[in-house]
Amino acid sequence: MKESEAGNFLHSQCFARIERITKRREFERVFKIGVRKKIGTLTLIYSPSDTRRIGIILDRHIKGAVVRNKLKRRLRDIYRKNKSCFKGECIIIAYKGTEVMDYNVLRDAVLKLLTKQGV
RNA sequence: UAAGUAAGCGGGGUGAUUGCUGCGCACAUAGUUUGGCUUACAAGUCUCACAUUAUAUGUGAUUAAGCAAAUUAUAUGCGUGGAGGAAAGUCCGGGCACCACAGGGCAGAGUACCUUGUAAAGCAAGGGAGUCGCGAGACUAUAGACAGUGCAACAGAAAAUAUACAGCCGAUGGUAUGGUGCAUUAAUUAUGUACCAAAAUCAGGCGAUGGUGAAAUAGUGAGGUAAGAGCUCACUAUCUCAAUUAGCAAUAGUUGGGAUUGGUCAACCUUACUCGGUGCAAGACUAAACAGAAGGGAUGAAGUUGCCCGCUUCGUUUGACCUUCAGGUAAGUCGCUUAGAGGAAUAAUCACUGUCCCCGAUUUAUCGGGGGUACAGAACUCGGCUUAUAAGCUUACUUAAGCC
RNA sequence: GGGGCUGUGGUGCAGUUGGGAGCACAUUUGACUGGCAGUCAAAAGGUCACGGGUUCGAAUCCCGUCAGCUCCA
């Protein structure tokens, strides 16, 4: 298992289901023990862990299924392309105003947030 | 050509890199199950299977390792499929599921011209009526106001069983005034009575007139009268009944009779018709935990003889076990889909290109630059409705102007 | 997935058998004061969420949209 995961990490940009935080309990655990950092409309919550996982939360005031899904896809894509920057369990919260950003601007913002967190 | 009406089409394309997801196949790893096979260990009861066989007997069941099969999960590879015209709003109706198989009454809700279509509908098509528009056409919650109750600000005489007021009339009856005649009286006075006169008044008659208002008891003309009035007549308008013609019908036309004592039912309401409720988070199945019942076994006490077995009675499952029954939470499966059930995929980035708009240049058809390319994302499913929608396109028709 | 409620000056709210668009605070101006606070007097500020319809007349009645809030699960 460890070897295959390491192999995925090296040459794969895939984003399987096990790399997502889906359950409500897991979210609450990360909220409790995690460290928060905020830049602009983005917030990152980080809690160290052996497995690398990510959760995405969108503000309630971002309306419309099309807009919400597109933002989620973009954040997921940023995670895929820059897996080496992520560690532990992270939750990204996007507040209103994020949906207007371009892809490149959004990527730079996320990476800046990660360096600030020191991940 | 311009303005407009109606019905539709349409929802960009190709490639590269990196990915998500359902199914199928192949392979690998891990787990689970199997009374399966082999070896070793253990071996008391029940039960089951197989063999000889009517009972009965023998073997197997436990644990460990290996093998085999089934199944689950994960990874990899290949193949194949993966969002709309509205998927939206949830405004109607159906399928499907459960609830007392669904029936009656009340309440409540909905619909309201006719015919046809449909599984059904408040939907669609055609027709009728009304309103709007020069017109093509559009819109309409299109039954009932002699069943009842209510409402109408301001203005106005009056806003609802019409009559109080202003006003008109003085035919009919009365009062008072004047004149004349007659009777009584001494009298030109006074009283009574009769007649006449014009103006007034009371009773009375009238509903024509009233600077209103959204709406005032049908409009015009003639007759009629004291004055007037649908009081009568003619024509017109509306409603209604009957006959007849056309039509399946709503309805329309004609003839005749009657009425014109309003408006509002998207005020309460009346009439006719329709509707049982809840909704896939419905519900079905498996089922740890948990509480319960029955049986077996175990154990304690008492009795049967001191002990053991057995039996009887009582107690115990908070001292432990097994089996069965029905209930059932967490969880899972089905419901559920040749898109799909996971916080929910169907894509992200880039390049070229199609199309439209603007600017500039000129060879008037091209080039260069810039910008735009919508609304919006399935969650059980289907038929409608409503709403959102970039550019472009098609068809039919109307009006106006010009030309032939 | 399925229900319910609300929308009125800048803010918070009244307003129902359909007929005047209002209240409080805030804002502006003036007076009282040497000045502020405060009080008094006055003024301005409204497509009654939007679009249709019924009606003589609609914030109100009916239909359809939009936005916000909320409940069940």
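Every chain is numbered from 1 and lettered A, B, ... according to where its sequence line falls, protein lines coming before strand lines.
With a cut-off of 3.5 Å on both Watson-Crick or G-U wobble distances, the partner of C:G12 is given as C:C23. Pairing for B:G58 goes to B:C50, judged as Watson-Crick or G-U wobble with the two contacts each under 3.5 Å. Using N1 to N3 plus N6-O4 or O6-N4 for Watson-Crick, or N1-O2 and O6-N3 for G-U wobble, each under 3.5 Å, B:C139 pairs with B:G130. B:A43 is unpaired under the Watson-Crick or G-U wobble criterion, no partner having all donor-acceptor distances under 3.5 Å. Nucleotide B:C367 forms a pair with B:G360, judged by Watson-Crick or G-U wobble geometry with both contacts under 3.5 Å. Taking a pair to require two hydrogen-bonding distances under 3.5 Å in either a Watson-Crick or a G-U wobble arrangement, B:C78 pairs with B:G24. The partner of B:U389 cannot be assigned: no Watson-Crick or G-U wobble pair with both contacts below 3.5 Å exists in any strand. Nucleotide C:A58 has no partner under the Watson-Crick or G-U criteria, as no pair reaches both atom distances under 3.5 Å.
Straight-line distance between the C1' atoms of B:G93 and B:U386: roughly 15 Å, to the nearest whole Å. Between the P atoms of B:U274 and B:U395, the separation comes to 50 Å (whole Å). Comparing the P positions of B:A243 and B:A227 gives an interatomic distance of 47 Å, to the nearest angstrom. Rounded to the nearest Å, the gap between the P atom of B:C273 and that of B:A330 is 50 Å. Nucleotides B:G402 and B:G369 place their P atoms 49 Å apart, quoted to the nearest Å. Atom name P, nucleotides B:C359 and B:A379: the rounded distance is 46 Å, in whole Å. Comparing the same atom, P, in B:U142 and in B:U251 gives a spacing of 15 Å after rounding to whole Å. Rounded to whole Å, the separation between the C1' atoms of C:C69 and B:U381 comes to 33 Å.
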Between the protein and nucleotides 373-379 of chain B, list the N/O to N/O atom pairs that are separated by less than 3.5 angstrom.
unit_1, atom_1, unit_2, atom_2, d
B:G377, OP2, A:A65, N, 3.4

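Atom pair A:L71:CG and B:A348:P shows a separation of 12 Å (rounding to whole Å applied).
Here the CZ-CD1 distance, from A:R36 to A:I91, works out to 8.5 Å after rounding to the nearest 0.5 Å. Between the OG1 atom of A:T43 and the CG atom of A:L113 there is a distance of 7.5 Å, given to the nearest 0.5 Å. With rounding to the nearest 0.5 angstrom, the CG atom of A:L75 is 12.0 Å from the CD1 atom of A:I93.
Base orientation for B:G392: anti, the chi torsion being more than 90° from 0. Applying the 90° criterion around 0 to the glycosidic angle, B:G144 comes out anti.
Hydrophobic clustering (side-chain heavy atoms under 4.5 Å, transitive across Ile, Leu, Val, Met, Phe, Trp, Tyr) groups A:L111 together with A:L44.
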